[in-house]
Amino acid sequence: MLMPKKVKYRKRQKGRTFGTAFRGSNLSFGSYGLQAIDPGWITDKQIEAARIAIARHIKRGGRIWIRIFPDKPVTKKPAETRMGKGKGISEQWVAVIKKGRLLFEMEGVSEDVAREALNLASHKLPIRTRILTKGMI
């Protein structure tokens with residue numbers, strides 16, 4: 001799974017998910033992209049599941065770029081523990097997604113294959129998305 005090699009701090013605060021992404025909101029590498037409509041967190045396992053769905057559908061035909069990286073640790077306390085005694089241990093890594101952020105890009109396949117592959121990937125993600133093409137923007 002995706003995770004950083006080294007972080008400055010083991011635990012992070014939750015933060016707030018509002019605002020629009022200005023960086024990473026345009027197609028830079030490929031001809032087709034999957035853009036987030038809602039803000040939220042996407043875990044490393046969800047990113048990997050979406051990547052596998054795209055790769056299986058295009059059958060080594062095109063090229064895929066993953067435009068997000070899970071660099072935020074999310075902590076969790078064990079089940080049936082009493083309150084207090086500090087923050088829990090890191091359970092998973094998430095990528096913080098703002099509205100308008102591009103998640104995946106691809107090229108080298110026809111438009112209908114790209115749309116179907118990105119649609120399959122969007123079913124693996126917990127946020128609403130839309131498919132962009134190069135001529136749309």
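Throughout, residue positions are numbered sequentially from 1 according to the sequence presented.
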Closest non-hydrogen contact found for Pro4 with Pro70 is CD-O, 3.4 Å
CD1 (Ile54) and OH (Tyr32) are apart, to the nearest 0.5 Å, by 14.0 Å
Residues pairing under salt bridge (charged side-chain N to carboxylate O under 4.0 Å, His left out) where one sits in residues 3-14, two or more places apart or in two chains, turn out to be none
When you compare the side chain of Gln92 with that of Val74, does any pair of heavy atoms fall below 4.5 Å? yes
CD of Gln35 to CG of Asn26, rounded to nearest 0.5 Å, is 8.5 Å
In short, Asp112 meets Ser110 closest at the heavy-atom pair OD1-OG, 2.6 Å
Scanning both residues in full, the closest heavy-atom pair of Gly100 with Ser25 reads O-CB, 3.2 Å
Residues passing the side-chain hydrogen bond (donor to acceptor under 3.5 Å, both in side chains) test with Asp71, sequence neighbours excluded, are none
- Task: Walk me through it: do Ile131 and Leu34 pass the test side-chain contact (heavy atoms from CB on, under 4.5 Å)?
- Result: CA-CA 5 Å; Ile131 297 170; Leu34 192 65; 4.0 Å; yes
Arg128 meets the side-chain hydrogen bond (donor to acceptor under 3.5 Å, both in side chains) criterion, sequence neighbours left out, with Asp38
Residue set satisfying side-chain contact (heavy atoms from CB on, under 4.5 Å) with Val96, at least two apart, ordered chain then number -> Thr17, Trp41, Lys72
Hits for side-chain contact (heavy atoms from CB on, under 4.5 Å) against Ala36, two or more places apart or cross-chain, chain-then-number order -> Ile97, Leu103, Ile127
Residues passing the ring-ring contact (aromatic ring centres under 6.0 Å, His included) test with Phe69, sequence neighbours excluded, are none
Under a side-chain separation threshold of 4.5 Å, the hydrophobic residues clustered together with Val7 are Met3, Trp93
Rounded to the nearest 0.5 angstrom, the NZ-NZ distance for Lys124 and Lys45 is 15.0 Å
side-chain contact (heavy atoms from CB on, under 4.5 Å) filter on Ile52, not counting sequence neighbours, yields Glu48, Arg56
Scanning both residues in full, the closest heavy-atom pair of Ala50 with Leu125 reads CB-CD2, 4.1 Å
Requested in this report: Side-chain contact test, heavy atoms from C-beta onward, threshold under 4.5 Å: evaluate it for Arg115 versus Thr133 and give yes or no.
Outcome: yes
For Thr81, the side-chain contact (heavy atoms from CB on, under 4.5 Å) test, sequence neighbours excluded, returns Lys77, Pro78
Counting N and O atoms only, with roles assigned by atom type, does the side chain of Glu105 sit under 3.5 Å from a partner on the main chain of Arg67, one being a donor and the other an acceptor? no
In this structure, CG of Leu2 is separated from CD1 of Ile47 (nearest 0.5 Å) by 6.0 Å
So does Lys87 have more than 12 non-hydrogen atoms from other groups sitting under 6.0 Å from NZ?
yes
Sequence neighbours excluded, the answer for side-chain hydrogen bond (donor to acceptor under 3.5 Å, both in side chains) partners of Glu107 is none
Salt bridge (charged side-chain N to carboxylate O under 4.0 Å, His left out) filter on Glu116, not counting sequence neighbours, yields none
Next item on the list: Report yes if the side chains of Arg63 and Phe29 come closer than 4.5 Å at any heavy-atom pair, otherwise no.
Entry: no
Rounded to the nearest 0.5 Å, the CG atom of Leu118 sits from the CD1 atom of Ile58 at a distance of 9.0 Å
d(Ile64 CD1, Met106 CE) to nearest 0.5 Å is 5.5 Å
For Thr75, the side-chain hydrogen bond (donor to acceptor under 3.5 Å, both in side chains) test, sequence neighbours excluded, returns none
